[in-house]
Amino acid sequence: IQIGDSTIGVGQPAYIIAEACENHFGDLDIAKKMIETAKECDCNAIKFQHHIPDEEMLPSVPTSENFSEPLYDFLNRCSLSIDQHNDLREHCIDIGIEYLCTPFSYRAAVELYEIGLRTFKIGSGEMTDLPLLKAIATNLGCPMLISTGMSTLEEVDLTYGMLLDVQTPLCLLNCVSEYPPEYQDLNLKVISEMQARYCDALIGHSDHTPDIYTSLAAVTLGAVVIEKHVTLDKSWAGPDQSVSIDFTQMTELVDGTRKIEAALGSVKRVHEK
């Protein structure tokens with residue numbers, strides 16, 4: 001899969017995505033600061049979310065246990081308009097980092113396509129929404145990175161098969177949708193099972209832990225994409241704060257990933273040193 005100047009694939013450096021989610025709280029200045037800081041960390045991309053609340057949920061959606069405000073109300077207050085997303089995309093182009101975004105409805109996908117987005121990141125909640133995915137795939141024709149949290153392998157099979165049928169370049173991201181997850185629930189070796197089971201897709205990892213260790217472990221297992229929630233300040237309240245790392249940790253994640261990749265050779269020999 002080609003995203004901008006980067007190739008995602010086996011044998012390539014892991015593609016590291018800073019997931020900004022809604023940790024900008026609708027403030028464009030905060031969002032731009034997140035872009036600039038992600039660039040300083042040497043992330044490959046920063047990803048936002050395009051929410052049109054009435055296209056994706058009912059106002060009566062239950063309040064999540066990890067947050068004190070109904071998600072519908074939060075998104076109506078904090079979501080960015082498509083014009084603001086275009087502003088952020090242009091800022092990413094200006095400083096040299098890839099802009100990615102997750103649509104949560106078909107209308108959101110079309111709006112993102114119209115401002116130039118050519119790779120879609122699909123969240124776990126939409127992984128089993130086959131009509132939505134098929135419409136995006138057939139009408140917009142872009143590669144997809146899809147998180148698989150809260151899905152069984154049999155459900156992933158259906159999405160994988162449908163998207164292969166319409167020849168969509170595909171990366172499936174191993175994911176656990178707990179906020180944050182218990183470490184014993186992560187089952188990171190599912191990455192290896194997915195690599196064997198979905199041989200016509202790339203396999204990555206979307207990590208909801210509040211630290212970097214399991215992301216580094218995923219790199220050693222061959223994950224070609226690492227997606228990690230980020231925030232400028234972990235003390236801020238918000239629905240994604242419990243699963244977000246700060247940018248100091250993101251710098252350590254990128255540095256650790258590149259060191260691990262350099263160390264993953266398989267030749268036993270005596271070196272000059």
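For residues 128-157, there are no ring pair (Phe, Tyr, Trp, His ring centres under 6.0 Å) pairs, not counting sequence neighbours. The list of ring pair (Phe, Tyr, Trp, His ring centres under 6.0 Å) pairs with a residue in residues 123-177, not counting sequence neighbours, reads Y160-Y198. Residue pairs meeting the ring pair (Phe, Tyr, Trp, His ring centres under 6.0 Å) criterion with at least one partner in residues 90-145, sequence neighbours excluded, are H51-F104. Counting only residues at least two apart or on different chains, no salt bridge (Lys or Arg N to Asp or Glu O under 4.0 Å) pair has a member in residues 1-12.
A heavy-atom distance below 4.5 Å is not found between the side chains of M250 and D246. Within the 4.5 Å cutoff, side-chain heavy atoms of I146 are placed close to those of T159. You'll find the side chain of H205 reaches within 4.5 Å of the side chain of L188, heavy atoms only. E252 is listed as a side-chain neighbour of T248, based on a closest heavy-atom distance under 4.5 Å. Under the 4.5 Å side-chain criterion, counting only non-hydrogen atoms from C-beta, R197 is in contact with L153. Using a 4.5 Å heavy-atom cutoff, the side chains of V224 and Q12 are not in contact. Contact check for Q249 versus K234: side-chain heavy atoms found under the 4.5 Å cut-off. At least one side-chain heavy atom of L216 sits less than 4.5 Å from a side-chain heavy atom of T257.
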- Residue pair K47, T102: steps toward the side chain to side chain donor-acceptor pair (under 3.5 Å) verdict: CA-CA 7 Å; K47 190 186 77 63; T102 294; 2.7 Å; yes
- CA sep, side-chain torsions, deciding dist, call: L202, L172, side chain to side chain contact (heavy atoms under 4.5 Å, CB included): CA-CA 6 Å; L202 299 171; L172 296 169; over 6 Å; no
- Task: Could you give me the CA-CA distance, side-chain angles and deciding distance for D165 and K134, then say whether salt bridge (Lys or Arg N to Asp or Glu O under 4.0 Å) is met?
- Result: CA-CA 10 Å; D165 285 345; K134 188 171 185 178; over 6 Å; no
- Given salt bridge (Lys or Arg N to Asp or Glu O under 4.0 Å), test D87 with K32 step by step and report yes or no. CA-CA 9 Å; D87 191 356; K32 288 183 176 180; 3.3 Å; yes
- Item | Candidate pair K259 and D255, rule salt bridge (Lys or Arg N to Asp or Glu O under 4.0 Å), full reasoning | CA-CA 6 Å; K259 287 175 177 174; D255 181 58; 3.0 Å; yes
- From CA spacing to verdict: side chain to side chain contact (heavy atoms under 4.5 Å, CB included), R258, I16: CA-CA 11 Å; R258 302 307 173 218; I16 300 178; 3.8 Å; yes
- Evaluate the side chain to side chain donor-acceptor pair (under 3.5 Å) criterion for residues T209 and D207: first the C-alpha distance (whole Å), next the side-chain angles of each, then the deciding distance (0.1 Å), finally the verdict. CA-CA 6 Å; T209 63; D207 196 334; 2.8 Å; yes
- Given side chain to side chain donor-acceptor pair (under 3.5 Å), test S147 with K121 step by step and report yes or no. CA-CA 8 Å; S147 288; K121 164 66 208 309; 3.0 Å; yes
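Closest approach of A137 and T168 over heavy atoms only: CB-OG1, 3.3 Å. Summarising the geometry of A38 relative to I46, their closest heavy-atom pair is CB-CD1, 4.1 Å, with the distance given to 0.1 Å. Residues S206 and E227 come closest through the heavy atom pair OG-OE1, 2.6 Å. Counting all heavy atoms, side chain and backbone alike, I226 lies closest to A218 at CD1-CB, 3.9 Å. Closest of all the heavy-atom pairs between P53 and L75 is CG-CB, 3.8 Å. The two residues Q49 and C21 make their nearest non-hydrogen contact at NE2-CB, 3.4 Å.
The distance from atom OG1 of T138 to atom CD1 of I136, rounded to the nearest 0.5 Å, is 9.5 Å. In this structure, T231 OG1 and N23 CG are separated by 4.5 Å, a value rounded to the nearest 0.5 Å. For the atom pair I122 CD1 and L170 CG, the distance stands at 10.0 Å (nearest 0.5 Å). Here the straight-line distance linking atom CG of L232 with atom OG1 of T37 works out to 5.5 Å at 0.5 Å rounding. If you take SG on C43 and NZ on K228, they are separated by 12.0 Å, rounding to the nearest 0.5 Å. Within the model, atoms CD1 of I35 and CD of E90 stand 11.0 Å from one another, a figure rounded to the nearest 0.5 Å.
For A108, the side chain to side chain contact (heavy atoms under 4.5 Å, CB included) criterion is met by H50, I52, P103, S105, not counting sequence neighbours. With sequence neighbours left out, the salt bridge (charged side-chain N to carboxylate O under 4.0 Å, His left out) criterion links E36 to no other residue. Residues satisfying the salt bridge (charged side-chain N to carboxylate O under 4.0 Å, His left out) criterion with D73, sequence neighbours excluded, are absent altogether. In terms of the salt bridge (charged side-chain N to carboxylate O under 4.0 Å, His left out) criterion, residue partners of E55 (sequence neighbours excluded) are, by chain and number, R107. Listed by chain and number, the residues in a salt bridge (charged side-chain N to carboxylate O under 4.0 Å, His left out) with E69 are R77 (sequence neighbours excluded). Partners of A45 by side chain to side chain contact (heavy atoms under 4.5 Å, CB included), not counting sequence neighbours, listed by chain and number: Y15, I17, E98, L100. In this structure, the side chain to side chain contact (heavy atoms under 4.5 Å, CB included) partners of D185, at least two apart in sequence or on a different chain, are E178, E182.
Counting non-hydrogen atoms of neighbouring residues, nucleotides and ligands closer than 6.0 angstrom, the CD atom of Q184 exceeds 12 such neighbours. By the 6.0 Å contact criterion, OH on Y183 is enclosed, its count of non-hydrogen atoms from other residues, nucleotides or ligands being greater than 12. Open room surrounds CD on Q167; 12 or fewer heavy atoms of other groups in view lie less than 6.0 Å from it.
Residues V110 and V166 share a single hydrophobic cluster, defined by chaining ILVMFWY side chains whose heavy atoms lie under 4.5 Å apart. Follow the hydrophobic side-chain contacts under 4.5 Å out from V10 and you never reach V190; the two are in separate clusters.
No donor-acceptor distance shorter than 3.5 angstrom exists from the side chain of E193 to the backbone of Q195, with no hydrogens or angles considered. In this structure, T220 contributes its side chain and A217 its backbone to a donor-acceptor pair below 3.5 Å. A donor-acceptor pair under 3.5 Å links the side-chain atoms of K39 to the main chain of G96, judged by distance alone. In terms of modelled atom types and a separation under 3.5 Å, the side chain of H85 and the main chain of F48 share no donor-acceptor contact. Put simply, the side chain of T148 gets close to the backbone of L173: a donor and an acceptor are under 3.5 Å apart.
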Show the atom names and distances, to 0.1 Å, of all donor-acceptor pairs under 3.5 Å that link a side chain in residues 124-131 to residues at least two apart or in another chain.
unit_1	atom_1	unit_2	atom_2	d
S124	OG	G149	N	2.8
D129	OD1	L132	N	3.2

